[in-house]
Amino acid sequence: MPELPEVETVRRGLVPAMEGAQIVAAEARRPDLRFPLPVRFADRLAGQTVVGLGRRAKYLTADLSSGEVLVMHLGMSGSFRVEDGTLGTFHHPRGKAAAHDHVVLQMSSGKTVTFNDPRRFGFMLLVPRAEFDDHPFLRGLGPEPLGNSFDAPALALACRGRKTSIKAALLDQRIVAGLGNIYVCEALHRVGLSPKRPAGVLAGRDGRPTERTVQLVDAIKAVLQEAIAAGGSSLRDHRQTDGALGYFQHTFRVYDREGEACSRAGCGGTIRRIIQGGRSTFYCPRCQR
DNA sequence: AACACCCCCTGTCGGC
DNA sequence: TGCCGACAGGGGGTGT
């Protein structure tokens with residue numbers, strides 16, 4: 001579900017409710033998500049102050065006054081919502097959606113923060129701050145795509161000699177961390193690159209970036225920034241924390257547009273869907289070469 | 001090291 | 001209306 005823009009949208013929505021506030025009460029309504037929740041999970045959260053809310057790739061991080069970091073991943077269907085009220089009052093779960101409310105945090109800000117995840121591909125970890133960068137799930141992550149260290153030379157170097165497809169390479173979080181299926185498809189269309197080309201073409205014989213690699217990096221940054229500004233993309237599950245829909249999906253040029261005419265001026269191609277690595281790729285075979 | 005699969009889980013949608 | 005298969009924004013783990 002959520003790629004970098006959606007996770008960043010969620011982070012920004014949680015800041016007013018959580019940053020600088022204390023977790024007055026915490027409740028885990030089941031023992032596990034994708035993985036078992038940390039031992040004594042609720043006890044280790046209750047009473048802590050959230051010193052800062054961050055994001056690394058598609059992970060949300062809450063720095064706690066205890067020195068631990070609450071690491072949260074939304075998986076495919078995870079979402080947070082922020083509501084007024086407390087655990088003991090009107091917030092008792094009811095209705096179909098509430099059946100998947102797995103973690104509830106009552107904050108000293110007066111807000112209740114609820115994590116909902118029907119598919120339970122999401123997970124939460126508690127990691128000592130000093131061990132964050134070495135955690136097995138986090139240490140292999142590549143550069144942030146919106147950071148200064150993600151540039152054309154870095155991408156070319158990471159892809160040099162690789163025979164896997166460009167699509168698979170850009171989805172590989174070790175190469176660049178935060179892209180998912182939507183934004184890879186969109187960025188490749190913007191620069192007219194076929195998702196089927198081997199990733200190695202992003203580097204010239206000397207290992208330096210080609211002109212198209214420079215364009216690709218620019219397109220990745222642009223599409224992510226535009227999507228963040230739009231509050232992310234709402235296909236099925238994604239909501240901002242106040243329940244509002246993101247609206248970047250209206251701007252998709254290829255994703256979920258199989259059979260439609262290519263929007264590139266003068267192209268005249270038709271968007272196709274193919275399967276790469278078991279996942280759908282949308283692209284225009286006419287203008288993406 | 002690099003790569004190709006498999007799987008986790010629930011909900012929705014289209015076809016019959 | 002019901003049933004059934006395909007598919008969904010991710011990524012850890014395993015096997016070659």
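Protein chains get the first letters and strands the later ones, always in sequence-line order, with residue 1 at the start of each.
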Tell me, do A:Ser233 and A:Phe252 make a side-chain contact under 4.5 Å, heavy atoms counted?
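Yes - at least one pair of side-chain heavy atoms lies under 4.5 Å apart.
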
The dot-bracket string of DNA chain C, counting Watson-Crick and G-U wobble pairs with both distances under 3.5 Å, using [ ] for crossing pairs and | for pairs to another strand, is .|||||||.|||||||

By centroid distance (under 5.5 Å) and plane angle (under 30°), are A:Phe121 and B:dC8 in a stacked arrangement?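 One would call A:Phe121 stacked on the B:dC8 base.
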
- Cluster partners of A:Leu125, using ILVMFWY side-chain heavy atoms under 4.5 angstrom, listed by chain and number?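 Reading the cluster by chain and number, A:Leu125 sits alongside A:Phe35, A:Tyr59, A:Val69, A:Val71, A:Phe123, A:Val127, A:Phe132, A:Phe137, A:Leu138, A:Leu141.
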
Integer-rounded Å distance: [N] [atom2] and [X] [atom1]:
X        : N      : atom1 : atom2 : result
A:Leu33  : C:dG11 : CG    : P     : 15 Å
A:Asp117 : C:dG11 : CG    : C1'   : 13 Å
A:Arg34  : B:dC6  : CZ    : C1'   : 11 Å
A:Phe115 : B:dC9  : CZ    : P     : 15 Å
A:Asn181 : C:dC7  : CG    : C1'   : 12 Å
A:Asp101 : B:dT10 : CG    : P     : 15 Å
A:Leu235 : C:dA8  : CG    : P     : 11 Å
A:Asp256 : B:dG14 : CG    : P     : 11 Å

Per-pair distances, 0.1 Å, donor-acceptor, side chain in residues 45-54 of chain A, under 3.5 Å, sequence neighbours excluded:
| residue | atom | partner | partner atom | Å |
| --- | --- | --- | --- | --- |
| A:Gln48 | OE1 | A:Ser65 | OG | 3.0 |
| A:Gln48 | OE1 | A:Ser66 | N | 2.8 |

With heavy atoms under 4.0 Å as the rule, sort A:Phe248 into base, sugar-phosphate or nothing.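 Nothing, no heavy atom under 4.0 Å.
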
Remember a base hit wins even if backbone is also touched, and classify A:Tyr255 as base, sugar-phosphate or nothing at under 4.0 Å, heavy atoms.
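If one applies the 4.0 Å heavy-atom cut-off, A:Tyr255 turns out to touch the sugar-phosphate alone, with no base involved.
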
query = If you check every side-chain atom of A:His100, which of C:dG10, C:dG12, B:dT10 has the closest atom?
reply =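 Looking only at side-chain atoms, A:His100 lies closest to B:dT10.
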
- Message: Nearest to the side chain of A:Arg120, heavy atoms from C-beta on, is which of C:dG10, B:dT10, C:dG12?
- Response: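 For the A:Arg120 side chain, the nearest candidate turns out to be B:dT10.
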
ask   = Less than 4.0 Å between a side-chain N and a carboxylate O, is that true for A:Arg81 and A:Asp101?
value =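 Answer for the salt bridge query: yes.
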
Review point. Which of residues 269-283 of chain A sit near DNA chain C, with a heavy atom under 4.0 Å from it?
Key: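 A:Arg273, A:Arg279, A:Ser280, in order of number.
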
* Is the backbone N or O of A:Leu202 less than 3.5 Å from a side-chain atom of A:Thr213, with the two atoms forming a donor-acceptor pair by type? ->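 Here the side-chain-to-backbone pair exists.
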
Do any pairs count as a ring pair (Phe, Tyr, Trp, His ring centres under 6.0 Å) and have a residue in [range], sequence neighbours left out, and if so which ones?
range                       : result
residues 185-231 of chain A : none
residues 262-289 of chain A : A:Tyr255-A:Phe282
residues 207-228 of chain A : none

Checklist line | Presence of donor-acceptor pair under 3.5 Å, side chain of A:Arg119 and base of C:dA8 | finding: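 Under the 3.5 Å cut-off, the side chain and the base do form a donor-acceptor pair.
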
Would you list the atom pairs, donor with acceptor, under 3.5 Å between side chains in residues 218-225 of chain A and any protein atom, with sequence neighbours excluded?
| residue | atom | partner | partner atom | Å |
| --- | --- | --- | --- | --- |
| A:Lys221 | NZ | A:Pro145 | O | 3.0 |
| A:Lys221 | NZ | A:Gly147 | O | 3.0 |
| A:Lys221 | NZ | A:Phe150 | O | 3.0 |

Give me the residues of residues 163-177 of chain A where at least one heavy atom lies under 4.0 Å from an atom of DNA chain B, by number, or none.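 Those residues are A:Lys163, A:Thr164.
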
I'd like to check the salt bridge (charged side-chain N to carboxylate O under 4.0 Å, His left out) partners of [X]; sequence neighbours left out, ordered by chain and number.
X        : result
A:Arg205 : none
A:Lys111 : A:Asp84
A:Arg56  : A:Glu144

